[in-house]
2 protein chains.
Amino acid sequence: MKKYNEEDALLFIVAANLKKIRSHKGLTQEELGFRSGISKNYISDFERGRRNITIKVFQRLIEGLEVEPQDLLTL
Amino acid sequence: MKKYNEEDALLFIVAANLKKIRSHKGLTQEELGFRSGISKNYISDFERGRRNITIKVFQRLIEGLEVEPQDLLTL
DNA sequence: ATGTGACTTAAAGTCCGTA
DNA sequence: GTACGGACTTTAAGTCACA
């Protein structure tokens, strides 16, 4: 498991949920990127905790995944 | 009511909720800024829909307000 | 299908001041 | 107590070539 700071807690929760839900839905990073208008590299970075996304990007990811905001926030 | 783009929907929901909860708790922008380590100007800007905050800042605001993430996302 | 480094540009976020 | 502006520094957005 990756080590993370307290200040990054929510970020890592969102990233982990994104990765889990994305694969459960059978989507690749590239496909999700296409659906949400975000580069696959960026999604890769985010899932590994290397990006601090904005709310706008968060919304686009949710829409691409077809889930609700809270689905990415709940542990 | 302020006009906003579809792509800003979540942002405006969060901003409106922040403002509402903050005042209900009797906190000023400055006090919330102090608690969450964010400048009062930035909070003012955000509440008026002029800023696209990151997840890290979102987390700090939540902690400063002492609420749960979903409290800022639910309409 | 995903991870990484390096990169440019756009925007996040601060601080000063005024009203 | 909040809104708004200018000037500023730091970081996120977004892409690319390649492993």
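Both backbone and side-chain heavy atoms feed into the values below; hydrogens, waters and symmetry mates do not.
- Nearest nucleotide to the A/Asn41 side chain, out of C/dA1, C/dG3, D/dG14: C/dG3.
- Summarising the geometry, the separation between CZ on A/Phe46 and C1' on C/dT2 is reported as 16 Å, rounded to the nearest angstrom.
- Computed from coordinates, the B/Tyr42 OH to C/dA11 P distance equals 12 Å when rounded to whole Å.
- Using a distance-only test at 3.5 Å, with no hydrogens or angles considered, no donor-acceptor pair links the side chain of B/Asn17 to the main chain of B/Val14.
- Residue-level contact check: A/Thr54 touches the backbone only, with heavy atoms under 4.0 Å from sugar-phosphate atoms and none from bases.
- The neighbour count for A/Lys20 NZ, taken as heavy atoms of other residues, nucleotides or ligands under 6.0 Å away, does not exceed 12.
- Residue B/Arg51 places none of its side-chain N or O atoms closer than 4.0 Å to OP1 or OP2 of D/dA12.
- Between the side chain of B/Asn52 and the backbone N or O of A/Lys56 there is at least one donor-acceptor pair closer than 3.5 Å.
- The only member of B/Arg51, B/Lys40, B/Arg50 that meets side chain to side chain donor-acceptor pair (under 3.5 Å) when paired with B/Asp45 is B/Arg51.
- Put simply, CD1 on B/Ile55 is 16 Å from C1' on C/dG13, counting in whole angstrom units.
- For C/dA6, neither phosphate oxygen OP1 nor OP2 lies less than 4.0 angstrom from any side-chain nitrogen or oxygen of A/Arg50.
- When each of B/Leu27 and A/Asp45 is assigned the nucleotide of DNA chain D bearing its nearest heavy atom, the one mapping closer to the 5' terminus is B/Leu27.
- Using a 4.0 Å heavy-atom distance criterion, A/Gly33 is classed as making no nucleic acid contact.
- Base engagement by A/Ser39 is indicated by at least one non-hydrogen atom pair under 4.0 Å involving a base atom.
- Between D/dC18 and C/dA1, the distance separating the two P atoms is 22 Å to the nearest Å.
- Atom CD in B/Gln29 sits about 14 Å away from atom P in C/dT14, given to the nearest Å.
- Atom CD1 of B/Ile43 is separated from atom C1' of C/dT14 by 12 Å (rounded to the nearest Å).
- Computed from coordinates, the A/Arg60 CZ to D/dA12 P distance equals 16 Å when rounded to whole Å.
- Counting non-hydrogen atoms under 4.0 angstrom, A/Ile38 reaches nothing in the nucleic acid.
- The backbone N or O of B/Arg60 lies less than 3.5 Å from no partner atom in the side chain of A/Glu7, so there is not a single donor-acceptor pair.
- Phosphate proximity of C/dA11 to B/Asn52: absent, as no side-chain N or O sits under 4.0 Å from OP1 or OP2.
- Listed nucleotides: D/dG14, C/dT14, D/dA3. Nearest to the side chain of B/Ser44: D/dA3.
- What separates NZ of B/Lys40 from C1' of D/dG1 is a distance of 9 Å, to the nearest Å.
- Nearest to the side chain of A/Thr28, among D/dG5, C/dT4, C/dA1, sits C/dA1.
- If you measure from atom NZ of B/Lys56 to atom C1' of C/dA12, you get 12 Å, rounded to the nearest angstrom.
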